[in-house]
Amino acid sequence: LYQALSKLNVAIPKDVSVMGFDDTEASELVDPKLSTLHVHKELIGRKAFQKMLACTKESRCVPEKLLLPVDLVVRNSVRDLTGTQSGIKA
C-alpha cells in the first residue's frame, strides 16, 4: 500500500491516513511507522482452548461470539485531526 500511494504521489499521513491490524514487526519498519491495533494473541488462544475443553465435556458445542480487547498503537501513519499532540483525546 505504501509503495502504491508513493507512486501516486499520495503522502502518508498528510493526504491519507493508514492503519494496520495485528501490530506486526513490519509496522515499525515502514516510513512513516504504521499505526495499528495490537491483538492479544495469547488471550485469543486461551479463550479458544477453554472453548475446546468445554466442547469436549458437553454433548453439544454451541458457537459463541467473543469481544476481546485490542490496544491502539499510535505511530506516524495517521493524521492528527483533533489538535492534540497524540491525535487521541482522552
Side-chain angles (χ1 to χ4, degrees):
L1 178 64
Y2 273 52
Q3 290 176 343
L5 291 172
S6 179
K7 286 180 183 178
L8 295 171
N9 292 319
V10 176
I12 303 169
K14 181 183 172 207
D15 300 322
V16 66
S17 292
V18 178
M19 278 290 298
F21 185 80
D22 205 15
D23 196 23
T24 64
E25 289 181 22
S27 300
E28 294 198 57
L29 300 176
V30 293
D31 186 33
K33 292 180 179 182
L34 183 64
S35 295
T36 185
L37 293 174
H38 176 79
V39 179
H40 300 275
K41 294 179 186 123
E42 183 178 318
L43 177 59
I44 293 170
R46 199 171 329 127
K47 293 290 186 182
F49 183 73
Q50 289 170 352
K51 181 66 177 177
M52 183 183 70
L53 282 178
C55 286
T56 61
K57 295 176 182 178
E58 300 170 8
S59 60
R60 182 170 168 243
C61 187
V62 179
E64 65 180 297
K65 292 182 182 182
L66 296 176
L67 182 61
L68 300 175
V70 296
D71 295 319
L72 175 62
V73 181
V74 179
R75 294 192 179 105
N76 304 105
S77 66
V78 176
R79 185 172 168 199
D80 179 2
L81 299 174
T82 66
T84 62
Q85 184 176 11
S86 69
I88 298 175
K89 289 184 178 179

Under a 3.5 Å distance rule, please check whether Ser77 uses its side chain to pair with a backbone N or O of Pro32 as donor and acceptor. no
Cluster check Ile44, Phe49: I/L/V/M/F/W/Y, side chain < 4.5 angstrom: no
ask   = Under 3.5 Å, side chain of Ser27 to main-chain N/O of Leu34, donor-acceptor pair present?
value = no
Before accepting this row, confirm whether a basic side-chain N of the pair Asp23/Arg75 lies closer than 4.0 Å to the acidic partner's carboxylate O. yes
Looking only at side chains, do Asp71 and His40 share a donor and an acceptor under 3.5 Å apart? yes
Looking at Arg79 and Asp15, is there a salt bridge between them, counting it only when a charged N and a carboxylate O are closer than 4.0 Å? no
To the nearest 0.5 Å, atom CZ of Phe21 lies from atom CE of Met19 at 9.5 Å
(message) Determine whether Asp22 and Lys41 satisfy the following criterion, side-chain contact (heavy atoms from CB on, under 4.5 Å), listing intermediate values before the conclusion.
(response) CA-CA 9 Å; Asp22 205 15; Lys41 294 179 186 123; 3.0 Å; yes
**Request:** Mind running side-chain contact (heavy atoms from CB on, under 4.5 Å) on Leu68 and Lys47 for me, showing each step along the way?
**Result:** CA-CA 10 Å; Leu68 300 175; Lys47 293 290 186 182; 4.2 Å; yes
- Query: More than 12 non-hydrogen atoms from neighbouring residues, nucleotides or ligands closer than 6.0 Å to CD on Gln3, yes or no?
  - Reply: no
- In one Ile/Leu/Val/Met/Phe/Trp/Tyr side-chain cluster, 4.5 Å: Val39, Val74: yes
Distance col, row Lys51:NZ vs Glu58:CD, nearest 0.5 angstrom, shows 6.0 Å
The single option from Asn76, Val78, Val18, Leu72 that satisfies side-chain contact (heavy atoms from CB on, under 4.5 Å) with Ser35 is Val78
- prompt: Quick one: do Leu1 and Leu29 end up in the same hydrophobic cluster if we chain Ile, Leu, Val, Met, Phe, Trp and Tyr together by side-chain heavy atoms under 4.5 Å apart?
  reply: no
- request: Answer yes or no: is there a donor N or O on one side and an acceptor on the other, between the side chain of Tyr2 and the main chain of Ile12, under 3.5 Å?
  value: no
